[in-house]
Amino acid sequence: MEYEFLLRIFCAAILGGLIGLEREYRAKEAGFRTHFLVALGSALFMIVSAYGFTDSLTSDLQRWDVSRVAAQVVSGIGFIGAGTIIFRKSENVVVGLTTAAGVWVTAAIGLACGGGMYVLSIGSTLMVLAGLEAFNFFLHKLDRRVKSEK
């Protein structure tokens, strides 16, 4: 079972790292290391929540709610995400929302890996990467159109 757990956190770290590489390439606030650690940590929390306390059971009447730790991961990630969001008063813009959302979804992918949901994790990672790249592509197209109209 320990090797299965290692596979889960390894998968989470790789998938989080892929998202982080994209963010690093775009020179965003949270890059490879942040996304790598968030996914790995989320997977580890999920595994510990689901399997870490089975030795503590003293009778069949006790039950553990493994979703409680996962819910706290979601809450905790909000603090990391909030640290990436900045309001620039001089320009009247908010920056860092996409990075915060990326850290948030990376935590979810880590939790899914920790739960052994590999196909869901890989599919979600591919959709995140596609969404980030598609968004970037359309922004550049729009930016070129605006510049050509001036």
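What's counted below: heavy atoms across the whole structure, side chains too, no hydrogens, waters or symmetry copies. Quick note: residue numbers are just sequence positions, from 1.
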Self-check item: Over all atoms of both residues, closest heavy-atom pair of Ala43 and Ile9
Solution: CB-CG2, 3.9 Å

Quiz item: In terms of hydrophobic clustering (I, L, V, M, F, W, Y; side-chain heavy atoms under 4.5 Å; direct or indirect links), are Met127 and Met117 co-clustered?
Solution: no

Could you pull out all donor-acceptor pairs under 3.5 Å where a side-chain atom in residues 74-103 meets a protein atom, sequence neighbours excluded?
unit_1, atom_1, unit_2, atom_2, d
Ser75, OG, Ala71, O, 3.3
Thr84, OG1, Gly81, O, 2.7
Thr84, OG1, Gly96, O, 3.4
Thr99, OG1, Arg23, NH2, 3.3
Thr99, OG1, Glu29, OE1, 3.3

Quiz item: Who passes side-chain contact (heavy atoms from CB on, under 4.5 Å) against Phe135, sequence neighbours left out?
Solution: Leu139

Exercise. Could you note down all residue pairs passing ring pair (Phe, Tyr, Trp, His ring centres under 6.0 Å) where residues 7-48 supplies at least one of them, sequence neighbours left out?
Key: Phe32-Phe36

Quiz prompt | Any residue meeting side-chain contact (heavy atoms from CB on, under 4.5 Å) with Leu129, in chain and number order, not counting sequence neighbours | solution = Leu18, Ile19, Glu22, Thr125

Practice problem: Hey, could you give me the CG/OG1 distance between Leu40 and Thr106, rounded to the nearest 0.5 Å? | Solution: 12.5 Å

Quiz item: Shortest non-hydrogen contact from Leu15 to Cys113?
Solution: CD1-SG, 3.8 Å

Practice problem: Please round to the nearest 0.5 Å and tell me the distance separating atom OG of Ser49 and atom CG of Leu44. | Solution: 11.0 Å

Quiz item: In terms of side-chain geometry, is the basic nitrogen of Arg8 or Glu4 positioned less than 4.0 Å from the acidic oxygen of its partner?
Solution: yes

Quiz item: Which heavy-atom pair separates Leu111 from Met46 by the least distance, and what is that distance?
Solution: O-CG, 3.6 Å

Self-check item: For Ser121 against Ala112, the heavy-atom pair lying closest together
Solution: OG-CB, 3.3 Å

Practice problem: Output the distance between atom CD1 (Ile14) and atom CD1 (Ile109), rounded to the nearest 0.5 Å. | Solution: 13.5 Å

Self-check item: ILVMFWY clustering at 4.5 Å (side-chain atoms), partners of Phe137
Solution: Phe138

Quiz prompt | Rounded distance [0.5 Å steps], CD in Glu24 versus OG1 in Thr34 | solution = 8.0 Å

Exercise. Look at the side-chain heavy atoms of Ile, Leu, Val, Met, Phe, Trp and Tyr, link any pair under 4.5 Å apart, and say whether Tyr118 and Leu120 land in one connected group.
Key: no

Quiz prompt | For Arg33, side-chain hydrogen bond (donor to acceptor under 3.5 Å, both in side chains) partners two or more places apart | solution = none

